[in-house]
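Take a look at the following structure, please.
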Amino acid sequence: MPRQRTVRSDDDHRLDKPPAARHTSAMTAATRSDLVADILVVGGGMGGLATAIALARGGFSVLLADEQAPATTTDPGFDGRVSAIAHASCQLLRAIGAYEALAPYGQPILDIRVTDGRPGEKPSPLFLHFDHQAIGDEPFGMILENRHIRLGLMAVIAGIPSIRVLAPVRVVGTERGTAGAIAHLADGRKIRARLIVACDGRASPLREEAGIRKVAWDYSQDGIVTTVEHELPHQGVACEHFLPSGPFAILPMTGNRCSLVWTERRELTPALMAMARDAFDVEMRRRLGDGLGAARSVGPRFAYPLAFHMATRFVDRRLALVGDAAHGLHPIAGQGLNLGLRDTAALAEVLADGARLGLDPGDDTLLDRYERWRRVDSVVMGSVMDGLNRLFSNDAMPLRLARDLGLAAVERLPGLKKFFMHHARGTVGKLPRLLEGKPL
Ligand SMILES: Cc1cc2nc3c(=O)[nH]c(=O)nc-3n(C[C@H](O)[C@H](O)[C@H](O)COP(=O)(O)OP(=O)(O)OC[C@H]3O[C@@H](n4cnc5c(N)ncnc54)[C@H](O)[C@@H]3O)c2cc1C
């Protein structure tokens, strides 16, 4: 049955619910006989949604399977986080035709401020300040609510006939051979594809099934996330305030709101999560400072366990790992999703180039090229984020002094400072075409 195209309505401009009718029609249309596509993307998180779109733009037919229903993953109680989307990732969103759906909900990041201190004390006078105008007109990126990213990407997918969405369905196993791949669903159905892309998150059942090992450790820290309303405008400034328990990120949202990612020692999390709002706000303000005027938390609190992992391989026969399935970082600089979008862009480029030469998307040489391109960048980024967290989640005097001097040195060395600013914008290294805003 052909996929139904729906005329755009005013509702499409408001990202407050998933395009339910279009998803439902896609689900009921996917009968036993038509579960065939060039590429199966397993996992409909932000990474899987963006990957499905990028691959479809590369000319492939895509089946996107997620074990959770869109109505669940876009519920306001599902994911209270925002994401700092770097400039290069914004370029990717532009190139795959998703930027217009998302940009109205984004807060541009104009400045980044890095400070060091203790709760209740003024930050150290030696701090770093990045102004986007020092390296061009474009902001460092934008802050978007994860819920809006999911809704926006789902709305784009609903308009692409070559993507079919199956959700909720769970992939329980795969058979991958020289002739093709088959994914088995929990309901007994099968999907046939040339390549399976695992966007199935940190626990990645597909990575485990393929026997791909990972290097992993836990930080014994949680990221407590909540939204704060404040009196004074934030001027688009994102702050990373380093406290002894870990980084305290203040991410500007639209309006006079910001999202906090408060890194805390895990043993303190239950008490902070259970605190009455007034008591929580007292603790919150001791860390936030008074630069934004009167401030109070609004909405629910969320706690995310923080851990590191890096897969030892990113590919297997007719299988590619993308996003958190391949790597998971400390959110100290908001790089996890950005790194995953670099995987998406590189994979889409390698496969589209291969298709121009008549190669099968599951071809080993293409997958090897993807692996070579992405592993080194991921290991470097993961190591830097890990090192920064260890250096800054510590109150020992020699370390405090060393990092304050380090911040001051970067602040005073224009070349080094610009280098860090280009990193924040994600415009360093050999960029896939999509990250430069170019088509595949
Ligand atoms: C506190 C915090 C703040 C962060 N802030 C930022 C930030 O500012 N910027 C940034 O770039 N990154 C940030 N990150 C990281 C970012 O959130 C993640 O890297 C990103 O969400 C990973 O997306 P993903 O699609 O790879 O995986 P996931 O979001 O985990 O999606 C995996 C999907 O796979 C599905 N799935 C799993 N198994 C199966 C199966 N067997 N069958 C079918 N479906 C399956 C699941 O239902 C799920 O939808 C942050 C992380 C944390 C913890």
Side-chain angles (χ1 to χ4, degrees), residues 40-52 63-70 72-74 78-86 88-90 109 140-147 149-150 153-154 165-174 183-187 191 196-209 219 221-226 238 240 246-249 251-253 259-264 301-309 321-344 378 381-382 385 424 426:
L40 166 65
V41 175
V42 179
M46 295 183 287
L49 293 166
T51 301
L63 260 163
L64 173 64
D66 195 280
E67 65 181 344
Q68 300 176 87
T72 304
T73 57
T74 56
F78 180 77
D79 183 349
R81 289 172 295 179
V82 301
S83 293
I85 303 293
S89 300
C90 293
I109 308 168
F140 287 109
M142 63 177 165
I143 304 287
L144 276 162
E145 295 176 42
N146 286 4
R147 184 168 170 269
I149 298 177
R150 288 176 211 271
L153 295 177
M154 285 176 187
V165 180
L166 293 166
V169 295
R170 189 156 58 88
V171 173
V172 290
T174 65
H184 296 270
L185 304 183
D187 61 14
I191 297 174
I196 298 177
V197 180
C199 294
D200 51 352
R202 282 178 172 256
S204 184
L206 290 180
R207 182 190 65 222
E208 297 299 307
E209 185 203 55
Y219 288 114
Q221 293 170 322
D222 288 328
I224 298 169
V225 172
T226 195
E240 190 73 283
F248 183 89
L251 304 171
M253 299 170 74
S259 173
L260 303 183
V261 185
W262 172 344
T263 308
E264 194 47 87
R301 282 165 228 156
F302 299 81
Y304 298 90
L306 304 182
F308 173 93
H309 72 266
L321 308 185
V322 163
D324 276 19
H327 41 67
L329 314 182
H330 195 288
I332 188 164
Q335 288 300 329
L337 178 60
N338 288 300
L339 198 62
L341 293 176
R342 288 169 88 95
D343 299 342
T344 299
S378 303
M381 178 68 85
M385 295 305 124

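Ligands are counted one by one from 1 in listed order, and the atoms in each one are counted from 1 as well. What you are looking at is a predicted structure, and each value in this text was computed from that prediction instead of being measured.
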Judging by distance only, is a nitrogen or oxygen of R150 under 3.5 angstrom from one on ligand 1?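 Min N/O separation from ligand 1 is not below 3.5 Å for R150.
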I'd like to check whether A84 has a polar contact with ligand 1, where a contact means an N/O of the residue lying under 3.5 Å from an N/O of the ligand.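 It does: an N or O of A84 is found under 3.5 Å from an N or O of ligand 1.
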Mind listing the closest non-hydrogen atom pair of L153 and A50 along with its distance?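 That closest heavy-atom pairing would be CD1-N, 4.0 Å.
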Q68: which residues meet the side-chain contact (heavy atoms from CB on, under 4.5 Å) condition with it, sequence neighbours left out?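 Here the qualifying residues are D66, T72, T73, F78.
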Looking only at heavy atoms, what is the nearest atom pair of G334 and N338, with distance?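 In this case the closest contact between G334 and N338 is O-ND2, 2.9 Å.
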Is there any N or O on V171 that sits under 3.5 Å from an N or O of ligand 1?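 Between V171 and ligand 1, an N or O pair is found under 3.5 Å apart.
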Give yes if a backbone or side-chain nitrogen or oxygen of E67 is under 3.5 Å from a nitrogen or oxygen of ligand 1, and no if not.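 There is such a contact, yes.
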Distance to 0.1 Å, residue and atom name: give those for the protein heavy atom nearest to atom 12 (N) of ligand 1.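 Looking at atom 12 (N) of ligand 1, the protein heavy atom closest to it is L337 N, 2.9 Å.
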Neighbour count above 12 (heavy atom, 6.0 Å) for R202 CZ: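 Yes, enclosed.
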Identify the closest protein heavy atom to atom 29 (O) of ligand 1: which residue and atom is it, and at what distance?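 Checking every protein heavy atom, the shortest distance to atom 29 (O) of ligand 1 gives G45 CA, 4.1 Å.
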Does even one non-hydrogen atom of V42 get within less than 4.0 Å of ligand 1?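 Under 4.0 Å: yes for V42.
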Mark the output for V169 as yes if a heavy-atom distance to ligand 1 is under 4.0 Å, and as no if none is.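 Checking ligand 1 against V169, which is what was asked, there is a heavy-atom contact under 4.0 Å.
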Can you find an N/O atom of G334 closer than 3.5 Å to an N/O atom of ligand 1?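 Yes, G334 has an N/O under 3.5 Å of an N/O on ligand 1.
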Contact between G223 and ligand 1, counting heavy atoms under 4.0 Å?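 Per 4.0 Å heavy-atom rule, G223 does not contact ligand 1.
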Using a plain distance cutoff, I'd like to know if P205 has any nitrogen or oxygen under 3.5 Å from a nitrogen or oxygen of ligand 1.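 Among all N and O atoms of P205, none is under 3.5 Å from an N or O of ligand 1.
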So is D66 polar-close to ligand 1, meaning N/O to N/O under 3.5 Å?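 N/O-N/O distance below 3.5 Å exists for this pair.
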Can you check whether a protein heavy atom sits less than 4.0 angstrom from atom 9 (N) of ligand 1?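 At least one protein heavy atom is under 4.0 Å away.
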Regarding atom 19 (O) of ligand 1: of the candidates T72, L329, D324, L306, which has the closest heavy atom?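 It is D324 whose heavy atom sits nearest to atom 19 (O) of ligand 1.
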Pick whichever of M46, R81, Q68 has a heavy atom sitting closest to atom 2 (C) of ligand 1.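 Selected option, by shortest heavy-atom distance: R81.
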Examine N146 against ligand 1 and note whether any of their N/O atoms are separated by less than 3.5 Å.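 By distance alone, the answer is no.
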Would you say ligand 1 has an N or O under 3.5 Å from any N or O of T73?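 Such a contact does not occur with ligand 1.
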Going by heavy atoms, is G340 under 4.0 Å from ligand 1?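 In this structure, G340 fails to qualify as a contact of ligand 1 - no heavy atom is under 4.0 Å.
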